[in-house]
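Here is the structure we will look at.
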Amino acid sequence: MTAVSQLEEWKRTKTIGIIGLGDMGLLYADKFAEAGWNVVTCDRPDVYEDVKESFKGRKFTVLKDGHLVSRVSDYIIYSVEAERIDQIVAMYSASTKLGAVVGGQTSCKSPEIKALEKHLPEDADIVSVHSLHGPRVNPEAQPLVLIKHRCQRADSFPFVEAVMSSLKSKHVYLTYEEHDRITADTQAVTHAAFLSMGVAWCKIELYPWTIGVNRWFGGLENVKVNISLRIYSNKWHVYAGLAITNPAAHQQITQYARSASELFALFVQHKRQELTRRLNAAKEFVFGKQDGLLLLDDSLLERYSLSKHEPQEGEQTLPNSHLSLLAIVDSWYQLKINPYDHIICSTPLFRIFLGVSEYLFMTPGLLETTINAAIEGEAFRPDDLEFVIAARSWSQIVSFGSYELYRKQFEEVQDFFKPMLPEANMIGNEMIKTILRHVDNNEGRES
Ligand SMILES: NC(=O)C1=CN([C@@H]2O[C@H](COP(=O)(O)OP(=O)(O)OC[C@H]3O[C@@H](n4cnc5c(N)ncnc54)[C@H](OP(=O)(O)O)[C@@H]3O)[C@@H](O)[C@H]2O)C=CC1
Ligand SMILES: O=C(O)C(=O)Cc1ccc(O)cc1
């Protein structure tokens, strides 16, 4: 813990530089400046005048480029697209202030650390960070990963910690290898699931909240819709970068697609026994020893619907086969991943995904109803088929490393949902706040 007098002295004498004034850069700049740090920022030089104008009146300074930021800053954070980290660090690193600490905010750390090691002058220390939440989530109490990678001076790390404490997040200390392993298990596969749902709905041209109570109705379905649309309201490069640049993520996403298609094959072959055996083994592995369950409640989630339909007397909702949720639990089982081990270092979306999967597997009778629907019900067959194709297609795009295909696939779905994104985001924000309050309270009960 840094003494108050030291913190005040650093605030008086040190400057924090942020290169890349996008969503996350802006969040950091605002928070640090609010906490009393001197903050300088930049975006691309060709948009300097516009950026300066739009942030007029804020508590931080906008400079023209990364050279001007680097030469005056004691801690420099590169908050830019993952795909371009090497190129951008190469561009500005020679201007790094003598003895500065430098890090990045990209979502996958191996390429970032490699770029910093390759291009920075030797006197620069390296401490990287990663806020495990999006720009519209309050950072308070959310996990923030700190990676103390190269510290030649004893005060470099305490200094960065002091800066980052402005966010009031929960600090998690990892190496960059640990970070990439964990985020592959958590973030990358979570996104693969919700991205695949979006593609499936887009391909069958269905807005799932518009068809009444017959299908896609109820709390679990609200979570699927709201989170999928929330991801599609973001920038494609964030998801592409963290999946494509992380080799461990390729394995997870491939397994997820394989689990989805193998389970679907069991559905259509009506192999009830084999499906039940496989899902029970997965349930035992993932939830068997877990006594601190998150237990999201269907009724808790019921009010967050985009649907305007009021259920009428006698109207019934057909049970869903929940292929997307069965597939995640199966892939954790196949890869021998205990998702609860990663809660300390997880994003809100991952905790919600785990919460609804747990709800499906642990609510008495619900897994059996779901298996029944999967084997006997035909209502979700076309949707499930599209889901399998979508999961496969994302896994191929990621393993081929194609940013261009990723962008095209993402933007096609984004366009399809465009009219609904603002409303979905509003409802999604409310839902996420409620769920996180619930999940984070229950997490405290974990053994
Ligand atoms: N969004 C999220 O939820 C989270 C994102 N991250 C990571 O943080 C990083 C930033 O993400 P986010 O803020 O969402 O993305 P943004 O696209 O909003 O921000 C990146 C910014 O960097 C700018 N930029 C590009 N080249 C340069 C340059 N040479 N000099 C200065 N600025 C430049 C971009 O400009 P232009 O658009 O014109 O290229 C853009 O404004 C990414 O690596 C992402 O993976 C981490 C946690 C959460
Ligand atoms: O919570 C999620 O998974 C998000 O979608 C937001 C997000 C995106 C990228 C990150 O590196 C961290 C958080």
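One-based numbering, in listed order, for ligands and for the atoms of each.
Within the listing of ligand 2, atoms 8 (C), 9 (C) sit less than 4.0 angstrom from a heavy atom of Val238.
Only side-chain heavy atoms of His130 come within less than 4.0 Å of ligand 2; its backbone N, CA, C and O stay farther off. Only the side chain of Leu242 comes within 4.0 Å of ligand 2, counting heavy atoms alone; its backbone N, CA, C and O stay farther away.
The pair Glu221-Lys224 counts as a salt bridge, with a side-chain nitrogen and a carboxylate oxygen less than 4.0 angstrom apart. Residues Glu358 and Arg351 are not paired through a salt bridge, judged by the lack of any N-O separation under 4.0 Å between the basic side chain and the carboxylate. Ion pair Arg58/Asp30 flagged as a salt bridge, since at least one NZ, NE, NH1 or NH2 atom sits closer than 4.0 Å to an Asp/Glu carboxylate oxygen. At a threshold of 4.0 Å, the pair Arg181-Glu178 does not count as salt-bridged, since none of the basic side-chain nitrogens sits closer than that to a carboxylate oxygen.
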Chi angles and distances behind the ring pair (Phe, Tyr, Trp, His ring centres under 6.0 Å) call for Phe387, Phe264: CA-CA 10 Å; Phe387 180 80; Phe264 183 68; 9.7 Å; no
Gln142 and Leu167: CA distance, side-chain angles, deciding distance, side-chain contact (heavy atoms from CB on, under 4.5 Å) verdict: CA-CA 9 Å; Gln142 295 298 331; Leu167 301 173; over 6 Å; no
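For the atom pair OH (Tyr173) and NZ (Lys148), the distance works out to 10.5 Å, reported to the nearest 0.5 Å. Between the CD atom in Gln252 and the OG atom in Ser331 there is a gap of 7.5 Å [rounded to 0.5 Å].
For atom 5 (O) of ligand 2, the nearest non-hydrogen atom of the protein is Tyr239 OH, 3.0 Å. Protein heavy atom at the shortest distance from atom 7 (C) of ligand 2 is Gln187 NE2, 3.8 Å. Atom 6 (C) of ligand 2 has its closest protein heavy atom at Gly134 N, 3.7 Å.
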Taking a 3.5 Å cut-off between nitrogen or oxygen atoms, can you list every pair linking ligand 1 to the protein, with distances?
residue: ligand 1; atom: 8 (O); partner: Gln105; partner atom: O; Å: 3.2
residue: ligand 1; atom: 13 (O); partner: Asp23; partner atom: N; Å: 3.2
residue: ligand 1; atom: 13 (O); partner: Met24; partner atom: N; Å: 2.8
residue: ligand 1; atom: 15 (O); partner: His237; partner atom: NE2; Å: 3.4
residue: ligand 1; atom: 17 (O); partner: His237; partner atom: NE2; Å: 2.8
residue: ligand 1; atom: 18 (O); partner: Asp23; partner atom: N; Å: 3.0
residue: ligand 1; atom: 18 (O); partner: Lys235; partner atom: NZ; Å: 2.5
residue: ligand 1; atom: 26 (N); partner: Arg84; partner atom: NH1; Å: 3.2
residue: ligand 1; atom: 29 (N); partner: Tyr92; partner atom: OH; Å: 3.3
residue: ligand 1; atom: 30 (N); partner: Tyr92; partner atom: OH; Å: 3.4
residue: ligand 1; atom: 35 (O); partner: Asp43; partner atom: OD2; Å: 3.2
residue: ligand 1; atom: 38 (O); partner: Arg44; partner atom: NE; Å: 2.6
residue: ligand 1; atom: 38 (O); partner: Arg44; partner atom: NH2; Å: 2.5
residue: ligand 1; atom: 39 (O); partner: Glu81; partner atom: OE2; Å: 2.8
residue: ligand 1; atom: 41 (O); partner: Asp43; partner atom: OD1; Å: 2.7
residue: ligand 1; atom: 41 (O); partner: Asp43; partner atom: OD2; Å: 3.4
residue: ligand 1; atom: 43 (O); partner: Val80; partner atom: O; Å: 2.6
residue: ligand 1; atom: 45 (O); partner: Ser107; partner atom: OG; Å: 2.7

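Look at Thr190 and you'll find every heavy atom at least 4.0 Å from all atoms of ligand 2.
In this structure, Phe60 has its ring center no closer than 6.0 Å to that of Phe32. Checked against a 6.0 Å centroid threshold, the rings of Tyr207 and Phe416 count as neighbours.
The shortest N or O to N or O distance between His191 and ligand 2 is under 3.5 Å.
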